Amino acid sequence: MNIYAVIDLKSFYSYVECVDRNLNPYETPLVVADKSRSKNTIILSVTPYLKNKGIPSRLRIKDLPSGENYIYAVPRMERYLEMSNNVFSIILNFISEEDLHIYSIDECFINLTPYLNYYKLNPYDLVKKIKCEIKNLTGLETTIGIGENMFLAKLSLDNFAKQREDGIFFLKKEDVFKNDFNIFPLNKIWGIGDKIMAKLNYFGIYSYKDMLKANKNFLMNQFGIIGEELYQHINGIDDTNIREKYIPVSTSLTNGQTLFFDYDYIQTKLIIRELCDDLTQRMRLMNKTCGCVSLYIGYSKNGSFFRQLSLLRQYDSSFELYSALLQIYEKFIDKEKKIRKVSITFSKLKQYNSYFQIDLFEDCKKQEKLKLLENTIDNIQSRFGNNSIMRATALLKHSTIIERHGFIGGHKR
């Protein structure tokens, strides 16, 4: 029998901020949000103290209840990544890398099976040992779900471990068939989102118990291959092997931005170019080339469009890829509307080859010079930072590139 665990860092961002300030997260009304942006800014995390008062972990600043002297902590993604890496390093002191699957910045799966005999501990005592080590070395609290497969471990974490005083719960396959076992609503079950839940509700399926009664063929007819997976999971079956790492055949890269105010037709071109420059550099550092570009434009009030363009050959030049994005933009943009969201995607990525088919209609020497120039820029930025060398347009009023380079995942470092 296999045994898995899911380790979740409790109220991660706010907990890190409290640890760094020597504050007690259970007594401190701290929220992680950049108050200087606007009242509509989304809060990334609140302390357990605020959660215990019924304040959710995700809301906007304007929705915070009055009556508390809130402490606002500006998000520091670089610090959170550092603490996350520290935690994963601690876990790797107990298990091998092949038995660790990092699910997110604050959550991971581990395969306990090979280590129970090695440490001569039962699953509960082994994860408690890991939990105490994380607490002692980082000051962070964890919640841990244990199960006989990855699905049951995640189900245990989300619905039971977080309610226990010690933050640990072991869910066995036999438990899901007991009369007192039930979960409601369905979106509390890993893998069931709001859309799937709404469809299941339409057919009179509202809880875990209802799902257990559902016919496999019915689920497959309604949801296809997802229906079969739902049936397996609800019956406590999950054959996923954590050691079989998934390597996608085709990958894509995306870069986007929600603008702080409305941009017009001309101003948005600058944002597209800056997003393209950053994403192309990222792609080149991965030693990849692009065969298809996509552009999403979201208007300020109503409407949007998303279009893609397949390229005649693979490119890794910002000049070529921006030209392709501009073709899409000019063809589909409504010049009268204001724009608030821009996103670009490079797909059909392939490994870079030092040789490529020369376009007879292009100047070969010009292509070589452009390639040399872009490689030089990449080297300078890699060594001295992204703001060390940029286009002169970065100094224009509507440019956002200098500010964005100071962010990780849309938040300050």
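In this text, all values refer to a predicted model and were calculated from it rather than measured experimentally. Numbers here simply count residues along the sequence, with the first being 1.
Distance alone, capped at 3.5 Å, places no donor-acceptor pair between the Asp125 side chain and the Leu121 backbone. Remark: side-chain polar atoms of Arg37 are not paired, donor with acceptor, to backbone N or O of Thr41 under 3.5 angstrom. Using a distance-only test at 3.5 Å, with no hydrogens or angles considered, a donor-acceptor pair links the side chain of Asn159 to the main chain of Leu155. With Asn149 contributing its side chain and Gly236 its backbone, the two residues share a donor-acceptor pair below 3.5 Å. In this structure, the side chain of Gln314 engages the main chain of Lys348 through a donor-acceptor pair within 3.5 Å. A donor-acceptor pair under 3.5 Å is formed between the side chain of Asp334 and the backbone N or O of Glu336. Not a single donor-acceptor pair under 3.5 Å links the side chain of Arg60 to the backbone N or O of Ile42. With hydrogens and angles disregarded, a donor-acceptor distance shorter than 3.5 Å links the side chain of Thr280 to the backbone of Cys276. For Lys39 (side chain) and Lys62 (main-chain N/O), no donor-acceptor pair under 3.5 Å exists by modelled atom type.
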* To do: Before giving the answer on salt bridge (charged side-chain N to carboxylate O under 4.0 Å, His left out), spell out for Arg21 and Glu17 the whole-Å C-alpha distance, their side-chain angles and the decisive distance to 0.1 Å.
  => CA-CA 6 Å; Arg21 290 168 166 81; Glu17 295 296 342; 2.4 Å; yes

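Classification of Lys172 and Asp175 as a salt-bridged pair fails, no side-chain N sitting under 4.0 Å from a carboxylate O.
The environment of CD1 in Ile266 is crowded: more than 12 heavy-atom neighbours from other residues, nucleotides or ligands sit within 6.0 Å.
Under the salt bridge (Lys or Arg N to Asp or Glu O under 4.0 Å) rule, Asp277 has a single partner from Arg284, Arg391, Arg282, which is Arg391.
A ring-ring contact (aromatic ring centres under 6.0 Å, His included) check over residues 18-56, counting only residues at least two apart or in different chains, returns nothing.
A donor-acceptor pair shorter than 3.5 Å can be found between the side chains of Asp194 and Asn187. A side-chain N or O of Glu330 and one of Tyr265 form a donor-acceptor pair less than 3.5 Å apart. Using modelled atom types, one finds no donor on one side chain facing an acceptor on the other under 3.5 Å when comparing Asp316 with Thr289. Looking at Ser14 and Ser45, their side chains do bring a donor and an acceptor atom within 3.5 Å of each other. For the 3.5 Å distance criterion, the side chains of Thr345 and Thr254 qualify, holding a donor opposite an acceptor. Side-chain contact check for Thr240 and Asp238: at least one donor-acceptor pair (N or O, by modelled atom type) lies under 3.5 Å.
The aromatic ring centres of Phe223 and Phe218 sit 6.0 Å or more apart. Ring pair Tyr13/Tyr80: centre-to-centre distance below 6.0 Å. Here the two rings, on Trp190 and Tyr208, have centers that are 6.0 Å apart or farther.
Residues passing the ring pair (Phe, Tyr, Trp, His ring centres under 6.0 Å) test with Tyr4, sequence neighbours excluded: none. Remark: Tyr70 engages no residue in a ring pair (Phe, Tyr, Trp, His ring centres under 6.0 Å) (not counting sequence neighbours).
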